[in-house]
Amino acid sequence: MLKYELKRIFTKRLNRVLITIGLALSVILSFLAATSNRFVSPQGHLETGISATRKVVADKNRNKGLMTPKRISELIT
């Protein structure tokens with residue numbers, strides 16, 4: 001039954017074109033989402049892309065844990 005339904009969808013040229021456009025659009029939007037991340041280092045350098053995402057995660061994990069007043073004052077300084 002599934003094979004029959006897929007055959008009905010893919011026999012029309014318009015459906016194939018629309019599915020191709022949808023796949024291309026999803027790849028482009030995924031690429032834009034992955035590369036639009038930004039990270040500003042403590043020295044003020046701006047980084048973008050996938051490496052920025054890794055640095056954000058590393059920075060977040062560095063500050064992970066219980067937030068006490070002492071810990072907050074360390075982070076501010």
Side-chain angles (χ1 to χ4, degrees):
M1 185 75 165
L2 181 65
K3 184 179 175 183
Y4 174 71
E5 292 296 330
L6 288 175
K7 184 178 177 184
R8 284 186 60 201
I9 291 170
F10 286 111
T11 54
K12 294 182 182 178
R13 183 173 170 85
L14 179 63
N15 288 342
R16 285 185 286 184
V17 169
L18 290 175
I19 289 172
T20 304
I21 290 171
L23 287 173
L25 190 61
S26 67
V27 168
I28 291 169
L29 291 176
S30 297
F31 176 76
L32 290 174
T35 59
S36 68
N37 297 322
R38 294 184 176 156
F39 176 74
V40 179
S41 66
Q43 293 80 20
H45 299 287
L46 177 67
E47 296 189 33
T48 59
I50 296 173
S51 63
T53 305
R54 291 184 184 132
K55 290 186 180 185
V56 166
V57 170
D59 194 36
K60 199 166 127 181
N61 288 338
R62 183 175 56 91
N63 297 324
K64 195 175 188 179
L66 184 63
M67 286 294 167
T68 60
K70 182 181 175 186
R71 179 79 173 135
I72 292 172
S73 65
E74 289 174 3
L75 292 174
I76 292 173
T77 58

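Basis for what follows: all heavy atoms, side chains included, without hydrogens, waters or symmetry-related copies. Along the sequence shown, residues are numbered consecutively beginning with 1. The shown structure was predicted, so the numbers you read here are calculated from the model rather than taken from an experiment.
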* Using the rule that two of Ile, Leu, Val, Met, Phe, Trp, Tyr join whenever any of their side-chain heavy atoms come within less than 4.5 Å, decide whether M67 and I76 are in one cluster. =>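 Same cluster: M67 reaches I76 through Ile, Leu, Val, Met, Phe, Trp or Tyr contacts under 4.5 Å.
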Sequence neighbours left out, cut at 3.5 Å: what donor-acceptor pairs do the side chains of residues 14-24 make with other protein atoms?
| from | atom 1 | to | atom 2 | distance (Å) |
| --- | --- | --- | --- | --- |
| N15 | ND2 | I9 | O | 3.1 |
| R16 | NE | F10 | O | 3.3 |
| T20 | OG1 | R16 | O | 2.8 |

* To do: Compare every heavy atom of S30 with every heavy atom of S26, then report the nearest pair and how far apart it is.
  =>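 Closest approach of S26 to S30: O-OG, 2.8 Å.
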* Listed by chain and number, what are the salt bridge (charged side-chain N to carboxylate O under 4.0 Å, His left out) partners of R62, not counting sequence neighbours? ->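 For R62 the salt bridge (charged side-chain N to carboxylate O under 4.0 Å, His left out) partners, ignoring immediate neighbours, are D59.
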* Sequence-distant partners of R54, salt bridge (charged side-chain N to carboxylate O under 4.0 Å, His left out), two or more places apart ->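 Salt bridge (charged side-chain N to carboxylate O under 4.0 Å, His left out) list for R54, sorted by chain: empty.
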* More than 12 foreign heavy atoms under 6.0 Å from CG of L32: is that the case here? ->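 Yes.
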Under the salt bridge (charged side-chain N to carboxylate O under 4.0 Å, His left out) definition, can you give me all pairs with a residue in [range], not counting sequence neighbours?
range          : answer
residues 31-42 : none
residues 67-76 : R71-E74
residues 20-35 : none

* Distance from T48 atom OG1 to N37 atom CG, nearest 0.5 Å? ->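 Here the interatomic distance stands at 9.0 Å.
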